[in-house]
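Contents: one structure, followed by commentary.
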Amino acid sequence: MRRPRGAALAIALTGVLAVVGCAKDGGGTSTSGEGAGGEGAAGCQLADPPPAPDEVEVSTPETADVDGSELRVGLAYDIGGRGDASFNDAAAAGLDRAEEEFGLGDVRELTAEANESEDAKVSRLRQLADEGFSPIIGVGFAYADAFETVAADYPDTDFALVDAAVEDADNITPLLFAEHEGSFLAGVAAAYKSDNCHVGFVGGVETPLIQKFEAGFLEGARAAAPDIQIENTYLTPAGDITGFQDPAKGNEATRAQIDAGADVVYHAAGASGKGVFEAAKAGDALAIGVDSDQYNQETVAESKDVIITSMLKRVDVAVFNYLAAVAEDDLTDFPEVFDLSVDGVDYSTSGGMVDDIADVLDGYKAQIIAGDIEVPSSPTG
Amino acid sequence: MGSIRAKLLPPALAIAFAVLLCAVTLLFSGSSPLEALGAMVGSLGRGTTAVDVVNTATSYYIVALAAALGFQMNLLNIGIEGQYRLAACVAAIVGGAVTLPFGLGVVVTMLAAAATGAAWVGIAALLKVYRGVSEVISTIMLNALSFGVIAYLISSDMFGELRGNNIGTPYLPESNRVPGFSFGSSGTVFGMVLVAAALGVGYWVLMNRTRFGFELRASGKSPTAAAAGGVNAKKMILVTLLISGAVAGLAGLPELLGRDHTFSLNFPAGYGFTGLAVALLGRNNPVGIAFGALLWAFLDKSRLALDNVGVPSEIVTIMQGSIVLSVVVAYELVRRVELRAEQRRVGGQNPPGSGEPRPVSAGGAV
């Protein structure tokens, strides 16, 4: 795969230039899906995009007259805690927004240690519940068993758990996300931006959660370009969480995918994503971020120009909406899953590199929200 | 050297030094050392913390015994980490599949764990005996391998089942669980605490009352002298590592059989390395190791209380590190002081600084 490097470089560079060009002159609505995908020579044979909707219907809660000053909020973070530039920070952002918009009585934030055993999680939650904190929000599915134990002992305390549902527990509100729906849009974006009609997925750890990202991405890429080739790599097997913290591995896996011909790589690999972006930059490929708007993230600022978009998992929206609902003491209309229709997942536009295909993405988004497209939540092969 | 003072003074000095160091660190970082200490000690009286300390110490005690077995003959079994996790995984699979009357299921589960631990370290033992591969290198590599094997075993294609976003082995049937001693709202002490205590007694008997133990310690002190005395070095290495691995294999069971009943992605990691530190702290002595395990578990659990009062819980890591470091230094200091005192008593006939270099496990330089 070494020989045609010059040619590949030239093609990739042209692609980048074309994208930049599009972004620059695409001021109005003139650049639509056909413009980006019509010239099939370099890119994919694209499927007909769905019609662009006038406006995507997204519902957000009304918080003008919500008063949260009675709430004493306990937040139990996963490993990394506030400042991890990822998952935990998203939860923290939701908390901060709630504090800003309707004020909170008291806030206590605790953080998990790496590799801790079950009793540590239970004790952390008990400490909060004992001191009268309610609601108590847990970040990450690792808290599921601990929540089940503790919530039963404190029936009057409200609990909410990100990424996991606990059955038969009335006082635990699950905050679940439709990662596969957001990843579908990432797959569409990748297909439209690929010059080789060849894209890649890099997963951190092969867990059911990350497989949701994979499933959506594969489905989206194939929906947009049925003939597309897709590389698929997980950095570590289930049980070995280092795949989320190993930029070197992310770099290596991405380089291999680029060598194999992929030119747009989507990662769901936590902190390993830094390596994915670096490899994409070095290999003149493009990349798609995950969880938060990674174009604006300081830790990966050096390679931000390859990040065309990010699949947003809005933990902040879920936390904020939940706090608003608890403050109003009304959880009846609370969404069961945070999907595209409630802004629970979305794609980012920072950097302007998907502005030219925004109509296409919004078209698919509208179809998913309307139920015309059903995205599978586990890989179908 | 055998005096009580020589045994107790070094760890006391080491802990005092570590506390002092942490107090200074806390002052520099703008927190109150007294508040931190109050929160740490106070947490023992609240919730289930005291019981959690005992429960975690049970696991620490078992891994530390496994480490001490190796230390006694200068074998560094770094692979305890992989052995106990893989063994717990296999035990969870076996225990989830068999149902036998009269608690026999528990026995089978424990045997499966011990056999897995022994088999896993057995690879390193064979490599060492027949190919001269350092057990330090091979066991570290086996640790990494164990992650892959575990991931394969608990995948939903093999023995695992999907539970929400988690993967784990099926829950153990009621008959294969080990009941504990309930203290009401203060928690339940694992029944495996008794097994750990029995292992401690067994360790003491093995080391001090059997020919094998004598040969083991002799091999550790001087392999050449032991060989000259007719000890089969290869056999000793093989058997010691196998026993160490078998004991390590049991370390995950207190939590598996007593509380979690499943091996999932949440299964704790890192006990293997804790075990090395605790064995060092306890000077390979079964009673010393018990205190070391309790201290270590207490420090680990106090992280929660520190986090709760806003003190950075990393201070615990600093304290643990400085305890291990200063315990090594303190033993060496006390040894020299005692040696000098003895020389003075005898009348200065012995040349100073005599004696062979001390093994790592006894506090010598690495």
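Below, read A as the first sequence line, B as the second, and so on, with proteins coming before strands; counting in each chain starts at 1.
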Please flag which part of A/A165 lies under 4.5 Å from any non-hydrogen atom of chain B: side chain, backbone, both or neither. neither
Greater than 12 external heavy atoms within 6.0 Å of A/E252's CD: no
Chain A contact via B/L304 - which portion, at a heavy-atom distance below 4.5 Å: both
Determine the minimum heavy-atom distance between A/S292 and A/S310, stating which atoms define it. O-CB, 3.3 Å
On the 0 to 90° scale, with breaks at 30° and 60°, tag the A/Y322-A/F334 ring pair as parallel, tilted or perpendicular. perpendicular
Let me confirm one number: the CZ-CG distance from A/F338 to A/L176, rounded to the nearest 0.5 Å. 9.0 Å
Determine the minimum heavy-atom distance between B/L256 and B/A91, stating which atoms define it. CD2-CB, 4.1 Å
Give me the atom names and distance for the closest heavy-atom approach of B/L26 to B/A36. CD1-CB, 3.7 Å
Extract the chain A to chain B donor-acceptor pairs under 3.5 Å, no hydrogen or angle test applied.
{"unit_1": "A/R108", "atom_1": "NH1", "unit_2": "B/N308", "atom_2": "O", "d": "3.3"}
{"unit_1": "A/R108", "atom_1": "NH1", "unit_2": "B/N308", "atom_2": "OD1", "d": "2.5"}
{"unit_1": "A/T111", "atom_1": "N", "unit_2": "B/D307", "atom_2": "OD2", "d": "2.7"}
{"unit_1": "A/E113", "atom_1": "OE2", "unit_2": "B/S313", "atom_2": "OG", "d": "2.8"}
{"unit_1": "A/D119", "atom_1": "OD1", "unit_2": "B/R259", "atom_2": "NH1", "d": "3.2"}
{"unit_1": "A/D119", "atom_1": "OD2", "unit_2": "B/K301", "atom_2": "NZ", "d": "2.7"}
{"unit_1": "A/S123", "atom_1": "OG", "unit_2": "B/D52", "atom_2": "OD2", "d": "3.1"}
{"unit_1": "A/E131", "atom_1": "OE2", "unit_2": "B/N308", "atom_2": "ND2", "d": "2.8"}
{"unit_1": "A/A142", "atom_1": "O", "unit_2": "B/N266", "atom_2": "ND2", "d": "3.2"}
{"unit_1": "A/D163", "atom_1": "O", "unit_2": "B/N165", "atom_2": "ND2", "d": "2.5"}

Parallel, tilted or perpendicular: which one describes the rings of A/F159 and A/F147, with boundaries at 30° and 60°? perpendicular
